[in-house]
There are 2 protein chains.
Amino acid sequence: MSDNELLKNSAPLPSVRRLPLYLTVLEEFEREGKEWISTTDFSEVLFLKPIQVRKDLAHTGIIGKPKKGFKVTELISTIYNFLGWNNLTEAFLVGAGALGSALLGYSGFQRHGLNIVAAFDVSVNVIGKSIHGKEILSIEKLPDLARRMHVRLGIITVPAARAQEAADCLVSAGISGIWNFSPSKLHVPPNVVVQREDLSSGLAVLSVKLGRFD
Amino acid sequence: MSDNELLKNSAPLPSVRRLPLYLTVLEEFEREGKEWISTTDFSEVLFLKPIQVRKDLAHTGIIGKPKKGFKVTELISTIYNFLGWNNLTEAFLVGAGALGSALLGYSGFQRHGLNIVAAFDVSVNVIGKSIHGKEILSIEKLPDLARRMHVRLGIITVPAARAQEAADCLVSAGISGIWNFSPSKLHVPPNVVVQREDLSSGLAVLSVKLGRFD
DNA sequence: TAGATTGTTAATCGATTAACAATC
DNA sequence: TAGATTGTTAATCGATTAACAATC
């Protein structure tokens, strides 16, 4: 019944979430021309305990050198490899509103192995228009195009009320993963992976933390 | 040394993150005119275990009725209360790029107690322009305005390299919380709360889950 | 009443942290 | 060599789940 039923035997998800954080530090070190980085280096910048960094990095399979740490370039490519960010995954985006447009315009995804190849909407007001150089297509064309282009990933940025509908469309198009930016819980078959990216969860945490100071 | 040092004695953060999810179900029930909702109702829609829902709701302090569950309207207002979403927090947004514009255009924040009252940028290309009806001001005006308007919250949507600078500016303006959409770790004094909302963390999780199916 | 659902106390599970020997 | 840092094994901590009596 759990979301993670098929996902055993890998790094703990909290560790996976921290890996991109390590990448930002690593890239900084690389720019500065440093060859080695230790877990204490990480811990000082990120306010984490060195032992936690060591455990996290161990999950990627990298092996360090006592007294030195890890080779910066090697660790970067190991993490990229671990995350599968060295080969591009092509994605369709559904919902070309404010948030969808923002994601279309975010250039950083390319470096993270994500390539949004097309965007779709239901509204005649945006269909045919172009946002950040990408043409918005009618949602009706999605299933056919997805199969022809072998697109594996769908990004949902429609309002909550339309999210399930968008998910159904993507599933019927044979997609294998969904990045869901709507606050809705999606019902999909067990072979489809869903990652919820819900701003309201983050805002809830922030609100509670802030409230503690009143 | 931990981020949560000052934040003891409240609901566990994973529970807090789930509360907005319950709200979407509750609002659906309310629209349908239902008076009562049980933890099994929640669990069926959200694929959670009833016991987890019960534990989560207990943290808000609400008391249910055996055999009936919880009063829909009462539970909604209890959660809103718990999150502090019934009175508006005013916020400044720093960085009027693609993501910043999207957040400026997101009408859902009002319902979640968040009111973005002004946006700031460093670029002369956007200063003076208006996005979704909100004028973009020069970052130089931020400290003075923040103090005069008693703004408590800052939202950072600048590129990683400018994030610390933006945080310093907000901190010097007396802000007490930061919602950080950049991938950088921010260094702030202990009385300032930071909530990181990092897309790359979510993408990392999604990538690992997807990779598991290859 | 009978039975569904609550609230509470205890058991389990998984992630974080500690301790320490191995190593360069 | 001496000491910093690694990798590993064990202890702790906190969240999830189970069990069950209380209740309407």
Side-chain angles (χ1 to χ4, degrees), chain A residues 1-5 7-19 21-22 25-26 29 34-72 74-75 78 82 201 204-205 208, chain B residues 1-5 7-19 21-22 25-26 29 34-72 74-75 78 201 204-205 208-209:
Chain A
M1 199 49 62
S2 144
D3 277 354
N4 299 21
E5 224 167 333
L7 309 168
K8 298 282 154 54
N9 310 324
S10 172
L13 260 27
S15 290
V16 173
R17 299 195 91 93
R18 281 186 294 268
L19 293 178
L21 206 51
Y22 300 145
V25 179
L26 282 162
F29 268 56
K34 293 175 180 163
E35 195 185 354
W36 295 92
I37 190 166
S38 73
T39 55
T40 36
D41 292 331
F42 281 113
S43 71
E44 278 162 19
V45 183
L46 300 174
F47 298 131
L48 300 172
K49 305 239 162 82
I51 172 64
Q52 184 170 50
V53 180
R54 245 182 301 155
K55 264 278 157 67
D56 287 344
L57 297 183
H59 289 121
T60 69
I62 195 161
I63 294 186
K65 239 196 184 63
K67 179 120 164 120
K68 289 268 188 181
F70 303 83
K71 278 207 138 163
V72 171
E74 186 193 350
L75 186 48
T78 301
F82 183 83
S201 289
V205 171
V208 167
Chain B
M1 198 48 62
S2 141
D3 277 354
N4 300 22
E5 223 167 332
L7 310 169
K8 296 284 154 56
N9 309 326
S10 171
L13 260 28
S15 291
V16 173
R17 299 195 91 91
R18 282 187 292 269
L19 292 179
L21 206 51
Y22 300 143
V25 179
L26 282 162
F29 267 56
K34 292 174 180 164
E35 194 185 354
W36 295 92
I37 190 166
S38 73
T39 55
T40 38
D41 291 332
F42 281 113
S43 71
E44 278 162 20
V45 183
L46 299 174
F47 297 131
L48 300 172
K49 305 239 164 81
I51 172 65
Q52 185 171 49
V53 180
R54 243 182 303 155
K55 263 278 158 67
D56 287 344
L57 298 183
H59 289 121
T60 68
I62 195 161
I63 295 184
K65 236 195 185 65
K67 179 118 161 127
K68 289 269 190 182
F70 302 84
K71 278 206 138 165
V72 171
E74 186 192 350
L75 185 48
T78 302
S201 288
V205 171
V208 167
K209 284 180 179 175

Bend angle of the helix from C:dG3-D:dC24 to C:dC24-D:dG3, end axes from five pairs each (to 10°): 10°
Nearest non-hydrogen partners of A:Phe82 and A:Ala11, listed with the distance: CZ-CB, 3.8 Å
Separation of atom NZ in B:Lys71 from atom C1' in C:dT6, rounded to whole Å: 17 Å
Side chain B:Ser201, main chain A:Arg17, donor-acceptor under 3.5 Å: yes
Selection residues 50-71 of chain A - residue pairs positive for salt bridge (Lys or Arg N to Asp or Glu O under 4.0 Å), sequence neighbours left out: A:Arg18-A:Asp56, A:Glu35-A:Lys71
Interatomic distance, B:Phe42 CZ vs C:dA4 P [rounded to whole Å]: 20 Å
Residues which pass side-chain contact (heavy atoms from CB on, under 4.5 Å) with A:Pro50, listed by chain and number, not counting sequence neighbours: A:Thr39, A:Thr40, A:Ser43
Set of residues satisfying side-chain contact (heavy atoms from CB on, under 4.5 Å) with respect to B:Val25, sequence neighbours excluded: B:Phe29, B:Ile37, B:Phe42, B:Val45, B:Leu46
Non-hydrogen atoms of A:Tyr22 and A:Val53 that approach each other most closely: OH-CA, 3.6 Å
Partners passing ring pair (Phe, Tyr, Trp, His ring centres under 6.0 Å) against A:Phe70 (at least two apart in sequence or in another chain): none
Heavy-atom closest pair, residues B:Pro66 and B:Gly64: CD-O, 4.0 Å
side-chain N/O B:Thr40 vs C:dA4 OP1/OP2, d < 4.0 Å: no
Summary of protein contacts for nucleotides 15-24 of chain D, nucleotide by nucleotide, where a base hit scores B, a sugar-phosphate-only hit scores S (4.0 Å, heavy atoms): SSBBB---BB
